[in-house]
> 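Structure below; questions to follow.
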Amino acid sequence: MKGKVLTILLLLTLLVAACTTAAPTEEAAPVEEAAPVEEAAPEEEMAEEAPAAEYAAPEPGFAPVPLDEGAQAACDTVAFDGGTAKIAYMPPATEFNYYQAIGAGIENLAGEMGVETFMLAPQSGSDIEGQMGMIQDVLTQDVDAIILSTHDEGAAAPLVEQAVEKGIAVIIVNSDIPNFPTPVHGGVGYSQRKGTYKEGEYAIDLAGGEAKVGVLEGLPGYHSTERIGGYLDAFADKAPGMEVVASLPTEWNVETGNTAMMDLLQANPDIQVVVTANDYIAIGAARAAEALGRDDVVIYGNDGDTTGLEDIAAGKWQATVNTTPYTMGQVALKVAMDCLNKEYPGGWVETPTVIVDAANVNEYLCHPENLFPPPAEEYSCE
């Protein structure tokens, strides 16, 4: 009996030893699973995205920034298959020299590149219906690409969608909108909010952080929201003493800028600083301030329009965000061609900006080849 008990005890001891030995083997599995096998997927995604990282944006543009999800149309789906490209440049109006300057950049470079281009736009920037009709016409003209700027993205969206479906490349110019209402192939322009934020900081420094501020907006829409928003962000972040006492809309032009400034100053005579959505509004505002004898009001613009630069040189108003529209047009054309050649990875190409005042304005006015129209007089670069 004792022998049987000893045998049973011996068997149990061997079983316990076997289980104890097996445990580390079973626990080793998680160590093997911890190896980054599943993390290879992001590396594969990075490999697929490598062409975008390698794309060299046309100078002086910066590397493309991706558009928001669902806003990107793929350039490899455009219908262009070689030969002489036909590209329509479609700004919101011909009344603005700024858009003429973008067009001049496009036209001059197109000759060098062997590209056929034409400009089509209504006379007035408030003629949204007119621009939509022109886009409809262009869709029937067998164009390969459209370089588009509009004051009403919502109205243009259905027509842009038709263009993309037809295999026409659509590049939005003079805009940093990351989510056009329908997918587009790319965008070229300056950071509107960032540009006026810098100018807002400049205004804060000049005013010592405290002033009664008037605002002259453009037509309601993305462009006006972003440009005016940059000033307001700077004031809120850096100087709450910059108090906005009134804000009025304009139609982006000199005439309505003049009228709005008259109303603004007559209703709010304590205003010391006026920020505007573009140079044309600032030009009109300066004329109104002069007519009212208000040379104490400091006015800020946004664009880098030739007349605006000359006004600044003459001391008529303070400063602008110079966005070099001529150069922007050239970058937009290069991006459009890169898309037609299926080389453009998509996204928004930012073009540079600089705050220009009386201290540095001659650096730009003395290079008339980069301005449209050229300055009314010659300026020295010295």
Side-chain angles (χ1 to χ4, degrees), residues 45-46 48-55 57-58 61-81 85-92 102 106 115 117 120-121 128 131-193 221-226 328-329 331-351:
E45 291 174 6
M46 288 176 65
E48 292 175 0
E49 295 175 359
E54 294 171 1
Y55 175 79
F62 303 113
V65 176
L67 302 179
D68 286 355
E69 184 177 355
Q72 181 68 61
C75 287
D76 60 10
T77 63
V78 299
F80 181 73
D81 59 358
K86 183 178 181 181
I87 299 178
Y89 166 51
M90 306 195 71
I102 292 176
I106 291 172
V115 177
T117 63
L120 187 62
I128 305 300
Q131 188 187 35
M132 297 310 109
M134 289 177 178
I135 297 174
Q136 286 179 318
D137 289 343
V138 164
L139 293 181
T140 68
Q141 293 182 30
D142 197 28
V143 299
D144 298 300
I146 297 173
I147 298 174
L148 174 69
S149 183
T150 181
H151 287 161
D152 193 330
E153 292 81 12
L159 298 171
V160 169
E161 183 177 16
Q162 290 180 37
V164 172
E165 288 175 352
K166 287 170 65 71
I168 298 170
V170 179
I171 305 297
I172 306 300
V173 70
N174 191 36
S175 179
D176 56 347
I177 188 168
N179 56 346
F180 200 86
T182 189
V184 295
H185 295 95
V188 175
Y190 67 100
S191 175
Q192 300 180 93
R193 189 173 287 257
Y222 178 81
H223 294 285
S224 184
T225 298
E226 289 301 291
M328 187 192 298
V331 173
L333 180 63
K334 290 176 181 177
V335 166
M337 284 306 302
D338 286 347
C339 182
L340 291 180
N341 292 323
K342 302 174 178 59
E343 298 170 357
Y344 186 63
W348 163 63
V349 172
E350 181 179 358
T351 52

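Count residues from 1 along the sequence.
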> Check Ala73 against Val164 and note the closest heavy-atom contact, atom names and distance.
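Residues Ala73 and Val164, closest heavy atoms: CB-CG1, 4.0 Å.
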
> Taking side-chain contact (heavy atoms from CB on, under 4.5 Å) as the definition, give me every residue that meets it alongside Ala79, ordered by chain and number, with sequence neighbours left out.
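None.
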
> Rounded to the nearest 0.5 Å, how far apart are SG of Cys75 and CG of Asn341?
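Separation between the atoms: 10.0 Å.
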
> Taking C-beta and beyond as the side chain, do Tyr89 and Leu120 meet within less than 4.5 Å on heavy atoms?
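SC-SC contact between Tyr89 and Leu120 ruled out.
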
> For the residue pair Pro183 and Gly70, what are the closest heavy atoms and their distance?
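Nearest pair, atom of Pro183 first, then Gly70: CG-O, 3.3 Å.
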
> Quick one: are Pro91 and Ile102 in side-chain contact, heavy atoms under 4.5 Å?
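Pro91 vs Ile102: side chains apart.
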
> Tell me the closest heavy-atom pair linking Thr150 and Met132, and the distance in Å.
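Reported closest heavy-atom pair: OG1-CE, 3.9 Å.
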
> Without placing hydrogens or testing angles, list every side-chain donor-acceptor pair under 3.5 Å for residues 167-180, not counting sequence neighbours.
{"unit_1": "Asn174", "atom_1": "OD1", "unit_2": "Tyr98", "atom_2": "OH", "d": "3.3"}
{"unit_1": "Asn174", "atom_1": "ND2", "unit_2": "Tyr99", "atom_2": "OH", "d": "3.1"}
{"unit_1": "Ser175", "atom_1": "OG", "unit_2": "Ile177", "atom_2": "N", "d": "3.2"}
{"unit_1": "Asp176", "atom_1": "OD1", "unit_2": "Gln192", "atom_2": "NE2", "d": "2.9"}
{"unit_1": "Asp176", "atom_1": "OD1", "unit_2": "Tyr222", "atom_2": "OH", "d": "3.0"}
{"unit_1": "Asp176", "atom_1": "OD2", "unit_2": "Gln192", "atom_2": "N", "d": "3.1"}

> Which heavy atom of Glu161 sits nearest to which heavy atom of Thr182, and what is that distance?
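The answer is CB-OG1, 3.6 Å.
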
> Tell me if a side-chain donor or acceptor on Gln136 pairs with a main-chain N or O of Leu159 at a distance below 3.5 Å.
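No, the answer is negative, given that no donor and acceptor are paired below the 3.5 Å cut-off.
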
> Search all heavy atoms of Val188 against all heavy atoms of Ala332 and return the closest pair with its distance.
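Closest approach of Val188 to Ala332, heavy atoms only: CG2-CA, 3.9 Å.
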
> If you count heavy atoms of other groups shown closer than 6.0 angstrom to NZ of Lys166, is the number above 12?
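Open: at most 12 neighbouring heavy atoms sit under 6.0 Å from NZ of Lys166.
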
> Are Val184 and Leu148 side-chain neighbours, meaning at least one heavy-atom pair lies under 4.5 Å?
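Not in contact.
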
> Give a yes or no answer on whether the side chain of Tyr190 reaches the backbone of Arg193 with a donor-acceptor pair at less than 3.5 Å.
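Flag not set: sc Tyr190 to bb Arg193 has no pair under 3.5 Å.
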
> Just by modelled atom types, is the Gly61 backbone N or O under 3.5 Å from a matching donor or acceptor in the Glu350 side chain?
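Looks like no, no N/O pair under 3.5 Å.
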
> Begin with the C-alpha distance, continue with both residues' side-chain angles, and end with the deciding distance and a verdict on side-chain contact (heavy atoms from CB on, under 4.5 Å) for Val349 and Tyr344.
CA-CA 11 Å; Val349 172; Tyr344 186 63; 3.4 Å; yes

> Is there a donor-acceptor contact under 3.5 Å from the side chain of Gln131 to the main chain of Ser149?
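Indeed, once roles are kept as given, a pair shorter than 3.5 Å links the two residues.
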
> Within the 4.5 Å heavy-atom criterion, are Trp348 and Leu67 side-chain neighbours or not?
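SC-SC contact between Trp348 and Leu67 confirmed.
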
> I want to check something: taking the side chain as every heavy atom from C-beta on, are Cys339 and His185 in contact at a cut-off of under 4.5 Å?
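The answer is yes, as the side chains (C-beta and beyond) meet within the 4.5 Å cut-off.
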
> Just list the side-chain donor-acceptor pairs under 3.5 Å for residues 139-147, sequence neighbours left out, or say none.
{"unit_1": "Thr140", "atom_1": "OG1", "unit_2": "Asp137", "atom_2": "O", "d": "2.6"}
{"unit_1": "Asp144", "atom_1": "OD2", "unit_2": "Lys86", "atom_2": "N", "d": "2.8"}

> Would you check if the side chain of Asp152 reaches a backbone N or O of Ala155 as a donor-acceptor pair within less than 3.5 Å?
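Pair found, side chain donor or acceptor close to backbone of Ala155.
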
> Is Val160 close to Glu153 at the side-chain level, that is, under 4.5 Å between some pair of heavy atoms?
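No. Closest side-chain heavy atoms not under 4.5 Å.
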
> Enter the distance from Phe62:CZ to Thr351:OG1 here, rounded to the nearest 0.5 Å.
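Going from the CZ atom of Phe62 to the OG1 atom of Thr351 covers 8.0 Å.
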
